[in-house]
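The structure appears right after this line, and notes come after that.
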Amino acid sequence: MDCYFDHVATNPMREEVLEAMMPYFREEYGNPLSIYPLGMNARQAIEKAREQVAGLINAKPNEIIFTSSGAEANNFALRGVALARQYEGKHVIVTRMEHHSILNSARFLEKLGFTVTYLTPDRQGYIEPEAVRKAITDETVLISMIHASPEVGTIEPVKEIAEIARERKISFHTDAVVSTGNIPVDVKEMGVDLMSLAAHQFYGPKGAGALYVKEGQRIIPLIFGGIQEGGRRAGTENVPAIVGMGKAAELTISELDGRIEHVRRLRDRLKDGIMKVPNVHFTGHPEKRLPGHASFCVEFIEGESMLMMLAAKGIYVASGSACTSKALKASPVLLSMGIPSHVAHGSVVFTFGAGNTDEQVDYTLEEFPQIIQRLRELSPFTEGWGDMEEGESCIPKK
Amino acid sequence: MYSKEVMDHFMNPRNVGEIPDADGIGVEGNPTCGDVMKLFIKVKDEKIEDIKFQTFGCGAAIAVSSMITEMAKGKTLDEAEKITKQDVSDKLGGLPPQKMHCSNLGADALKKAIEDYRKKHGG
């Protein structure tokens, strides 16, 4: 049985989305800047998609800038706003829960002379609004915080922090790539100035993202060139992908409630089953979390070997283990939450989607505990970690 | 990403477990980095008569552990000592470059187990 439980990595595109996109690959191939009918059709298709995406997050269409991805939107927000406001101050606040596209943009800003504060979450991956308030200085021009964590599912108090930012006239960006399509996301209700989205996270195509930029928010382009996207993002538009993103947004608006209920029920069943296995820790916030997200650290075994054995059974999941990453470092998010690296190596993340079923959960609850047991039989650690928690050089006790 | 041999040794590891009355034990790696290998050897007439392993680690680490036990079994201590990381990797049909250092602990653990035996047995 094939069980795809890695919806935080990407989602299968909806049939309706593909159908909406198809004409724009060949028949309607016009450049949206051209003034003859072929171009105007493409222009209209993009503007319709802009309305659909705006509708999903309760924004105005002119506040949506299409990008190639969520990562581009994050780069654009961080670099674009920091540079636009650098003469007011050169301090930026981000958190250690952020995606690499935020963290590496922040490091780039440091090279340009900005000071960046990296806020540390609590053990559940939650950032207290008070911590943000304390980090603000007279130099702060931008705060960026992830809406929901792909690794541990925790939903951050974005609304409260947006309010703090507004009081101090600081621009506030949230990375809502993982949350959009999984929970309601409303820019007015949340009070954010900028927000990143990626279409493939809500059953749209890859290669399409967007940055919400509130009317009046100053931002410098990441890509200079022509007048596309109001001169804020140059390059001939990826018309089919943008159309697909619009369609996916429209479907999400009408289906979201049902999707949430479905994935929450499956997630809770899986969580209850897996937590019966000894020495397994549930990571992230128990309540303030994405409905279809279950993350664990399984002690005494390592994530990549878990993933490989699960994959051999047709079960596809993610891990924050060092060995599954090209960087060969345990997940910085898990470490920043205070989870020791030897435990973080046993990280495994299940994320549910519309296509998952109860049968898949039953099958996984049968297979996964056996895999844990099998890998633990291979492990030199059985009941504890011995003296190894004390430092890098220690070796396991029997 | 992994060769057929690595997958085979990962899915069906050989010589798993511990030897309660082992003549030598070697431990290599550290759990902070994500890979720890423990090797147990039983020695008779300067030959490795039996060998078992326990490993905490990724797919490569488990495959390397399994492979080194197969390579060392039946060899004299002098021969076994000469097995290199490269030998193990070659036998496994190659390892991804990023796994060559952190997960290829077999040869080092085996040397430590042999050293441990020699220390205990005045060799």
Side-chain angles (χ1 to χ4, degrees), chain A residues 279 297-313 319-331 334-335 339-348 371-382 384-398, chain B residues 1-4 6-22 25-40 52-66 69 95-106 108-109 112-113 116:
Chain A
N279 295 307
C297 281
V298 182
E299 286 204 73
F300 313 130
I301 60 179
E302 190 279 326
E304 190 206 72
S305 42
M306 256 189 290
L307 256 59
M308 285 169 65
M309 285 209 173
L310 284 164
K313 295 285 183 185
S319 171
S321 146
C323 300
T324 58
S325 78
K326 285 273 182 328
L328 296 176
K329 280 185 190 151
S331 152
L334 296 175
L335 299 181
I339 295 174
S341 57
H342 56 279
V343 177
H345 287 305
S347 130
V348 58
I371 288 171
I372 294 174
Q373 195 190 344
R374 204 167 149 212
L375 285 168
R376 281 182 175 168
E377 281 165 12
L378 290 181
S379 174
F381 309 104
T382 49
W385 292 92
D387 56 4
M388 60 138 298
E389 286 178 57
E390 288 160 24
E392 299 241 341
S393 60
C394 52
I395 52 170
K397 275 182 186 162
K398 206 184 139 237
Chain B
M1 151 188 181
Y2 285 133
S3 69
K4 223 173 76 205
V6 170
M7 286 309 290
D8 176 40
H9 277 267
F10 169 69
M11 293 305 291
N12 312 289
R14 283 65 142 173
N15 305 307
V16 174
E18 48 189 326
I19 302 175
D21 58 340
I25 298 176
V27 182
E28 187 60 39
N30 86 64
T32 306
C33 300
D35 288 307
V36 176
M37 178 176 182
K38 197 169 183 183
L39 265 189
F40 305 82
K52 285 195 188 305
F53 81 89
Q54 290 179 323
T55 290
F56 163 80
C58 65
I62 289 170
V64 161
S65 310
S66 167
T69 61
L95 285 170
Q98 77 270 24
K99 302 278 184 182
M100 269 307 276
H101 294 290
C102 69
S103 308
N104 197 352
L105 307 172
D108 293 335
K112 282 192 177 174
D116 182 49

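- For A:Leu378, the parts sitting under 4.5 Å from any heavy atom of chain B are the backbone and the side chain alike.
- The pair B:Asp35-B:Lys99 fails the salt-bridge criterion, with no side-chain N (NZ, NE, NH1 or NH2) lying under 4.0 Å from an Asp/Glu carboxylate O.
- For the pair B:Lys38/B:Ile25, a side-chain contact is recorded, criterion being any heavy-atom separation below 4.5 Å from C-beta on.
- For A:Arg376, no part lies under 4.5 angstrom from a heavy atom of chain B.
- Neither the backbone nor the side chain of B:Ala61 comes within contact range of chain A, judged by heavy atoms closer than 4.5 Å.
- Taking the six-membered ring where tryptophan is involved, the planes of A:Trp385 and B:Phe56 are perpendicular, since the angle between them exceeds 60° and thus also 30°.
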### Message
Applying side chain to side chain contact (heavy atoms under 4.5 Å, CB included) to B:Thr55 and A:Ser379, what does each step give before you reach the verdict?
### Response
CA-CA 5 Å; B:Thr55 290; A:Ser379 174; over 6 Å; no

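- Within the 4.5 angstrom heavy-atom criterion, no atom of B:Met37 approaches chain A.
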